[in-house]
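Notes to accompany the following structure.
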2 protein chains.
Amino acid sequence: MSATQRRNTRQRQVVLEELRATRSHPTAGELYHSVRDRLPRISLGTVYRNLDILQETGDVIRLAGCVGQEARYDGNPEPHLHLQCQRCQRVCDLDTVLPVLDDLVGSTLEGHGIDGYHVILRGVCRHCRNGG
Amino acid sequence: MSATQRRNTRQRQVVLEELRATRSHPTAGELYHSVRDRLPRISLGTVYRNLDILQETGDVIRLAGCVGQEARYDGNPEPHLHLQCQRCQRVCDLDTVLPVLDDLVGSTLEGHGIDGYHVILRGVCRHCRNGG
DNA sequence: ATCGTTGCAAAATATTTGCAGTTGA
DNA sequence: TCAACTGCAAATATTTTGCAACGAT
């Protein structure tokens with residue numbers, strides 16, 4: 001087996017409540033500030049630890065972050081699809097899927113005044129599905 | 001006017017060449033190592049500076065990074081679209097666009113063995129388009 | 001000659017972790 | 001009880017920056 005037994009601590013509850021109470025996609029530091037209004041002695045480390053756990057349990061989505069927070073670069077400036085694997089964190093191209101999705105994204109977003117974009121899908125890559 | 005006059009330095013050339021020579025979406029640190037095989041005295045700071053410039057000129061795409069590298073969190077675990085603005089860096093939901101895009105992404109990716117995903121679009125948000 | 005760029009080292013920013021005490025189940 | 005959890009502080013990791021020397025134009 002794997003997942004350890006979780007305890008329903010007040011700190012974890014409040015972190016989740018505060019996150020659910022906003023639509024601003026806060027950073028950990030921003031969330032720390034709003035949580036502190038209710039739990040003045042909570043530490044930033046605890047906020048980070050609980051966000052990790054809540055992401056693991058699927059209650060929270062972590063955006064724009066990969067392990068270690070390192071940015072990744074792509075030498076191909078043409079818009080194309082990327083898949084960032086949620087297990088191994090590697091990023092790979094999904095060139096084959098591009099044309100149809102690109103058409104749809106483009107035509108859908110045109111009506112929204114968004115003139116440039118690229119897409120990062122997050123899922124589990126083929127390699128990790130097969131290997132474990 | 002805005003953009004300063006660029007100089008075509010060897011360091012910048014090699015950073016771009018090495019990035020174009022791989023499909024692995026390397027981090028700045030990884031790229032630094034491969035560039036050093038050719039330019040042993042280059043510094044990590046120079047790699048970062050050139051990646052910034054190359055992104056500005058559109059030769060390179062920076063993935064999974066936002067200003068200051070802070071991760072952002074979302075308390076709504078339902079798959080939905082996000083737009084991260086390339087000017088103001090804010091993340092906003094694009095709920096209205098979801099249904100059609102979600103259908104397409106889902107059916108397209110099913111055939112690729114990807115069982116979970118979310119989408120981050122990067123573009124310019126309505127607020128920045130109107131305000132400057 | 002000018003000024004954008006570099007290497008280096010230090011600073012700033014963001015996240016993780018060791019530890020001893022606390023607390024939910 | 002007892003292991004998951006906490007606050008705190010120190011450590012790591014990632015990125016940016018000041019500065020004097022360098023080099024492309």
Side-chain angles (χ1 to χ4, degrees), chain A residues 1-19 25-57 59-73 84 89 91, chain B residues 1-19 25-57 59-73 84 89 91:
Chain A
M1 300 304 294
S2 59
T4 39
Q5 187 59 36
R6 302 291 178 206
R7 285 178 188 174
N8 189 19
T9 64
R10 181 105 185 95
Q11 286 88 340
R12 187 125 76 231
Q13 284 166 24
V14 174
V15 166
L16 184 55
E17 283 168 18
E18 289 297 313
L19 185 54
H25 304 83
T27 64
E30 288 164 356
L31 203 48
Y32 169 60
H33 280 107
S34 51
V35 168
R36 268 221 300 198
D37 291 344
R38 294 172 58 189
L39 300 176
R41 304 196 56 77
I42 198 173
S43 71
L44 181 55
T46 295
V47 172
Y48 271 109
R49 277 183 290 221
N50 278 313
L51 285 170
D52 273 357
I53 290 171
L54 289 168
Q55 186 203 210
E56 238 176 70
T57 58
D59 293 302
V60 154
I61 293 175
R62 178 178 183 150
L63 298 172
C66 51
V67 156
Q69 291 309 114
E70 281 184 275
R72 291 182 175 275
Y73 296 85
Q84 180 167 35
Q89 305 301 325
V91 176
Chain B
M1 302 302 293
S2 59
T4 39
Q5 187 60 34
R6 301 289 179 208
R7 285 178 189 172
N8 189 19
T9 64
R10 181 105 185 96
Q11 286 89 339
R12 187 127 74 231
Q13 284 166 24
V14 173
V15 166
L16 184 55
E17 283 170 17
E18 288 299 313
L19 185 53
H25 305 82
T27 64
E30 288 165 355
L31 203 49
Y32 168 60
H33 280 106
S34 51
V35 167
R36 268 221 300 198
D37 290 344
R38 294 172 59 189
L39 300 177
R41 304 196 55 77
I42 198 173
S43 71
L44 181 56
T46 295
V47 172
Y48 271 108
R49 276 182 292 221
N50 277 313
L51 285 170
D52 272 358
I53 289 171
L54 290 167
Q55 185 204 209
E56 238 177 71
T57 58
D59 294 302
V60 155
I61 293 175
R62 177 179 183 147
L63 298 174
C66 52
V67 156
Q69 292 310 114
E70 282 184 275
R72 290 182 175 276
Y73 297 86
Q84 180 167 34
Q89 305 299 326
V91 176

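Chain A is the first sequence line, chain B the second, and so forth, proteins listed ahead of strands; every chain is numbered from 1.
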To the nearest angstrom, the CD1-P distance between I53(A) and dC5(D) comes to 5 Å
Here the distance between atom P of dG23(D) and atom CD of Q5(B), to the nearest Å, is 20 Å
R10(B) atom CZ is separated from dT25(D) atom P, nearest whole Å, by 13 Å
Any T9(A) side-chain N or O less than 4.0 Å from OP1/OP2 of dT6(D):
yes
Whole-Å distance, Q55(B) CD to dT15(D) P, equals 12 Å
Would the distance check show the side chain of R36(B) and the main-chain N or O of L44(B) forming a donor-acceptor pair, the cut-off being under 3.5 Å?
no
Winner on side-chain proximity to R49(A), out of dC19(C), dC8(C), dA25(C), is dC19(C)
Confirm from the modelled atom types if R7(A) and dA3(D) form a donor-acceptor pair under 3.5 Å, side chain to base only.
-> yes
Per atom distances to the R41(A) side chain, the nearest of dT15(D), dG7(D), dG7(C) is dG7(D)
Taken to the nearest whole Å, CG/L31(A) to P/dA14(C) is 15 Å
To the nearest angstrom, the CD-P distance between Q13(A) and dT6(D) comes to 11 Å
To the nearest angstrom, the CG-P distance between N50(B) and dT5(C) comes to 8 Å
Within the structure provided, determine whether Q13(B) and R38(B) are in side-chain contact (heavy-atom separation under 4.5 Å). no
Rounded to whole Å, OH of Y48(B) lies from C1' of dA11(C) at a distance of 15 Å
message: Using OP1 and OP2 only, check whether a side-chain N or O of R12(B) sits under 4.0 Å from dT5(C).
response: yes
When L44(B) and L39(A) are each assigned the nearest nucleotide of DNA chain D, the 5'-most assignment goes to L39(A)
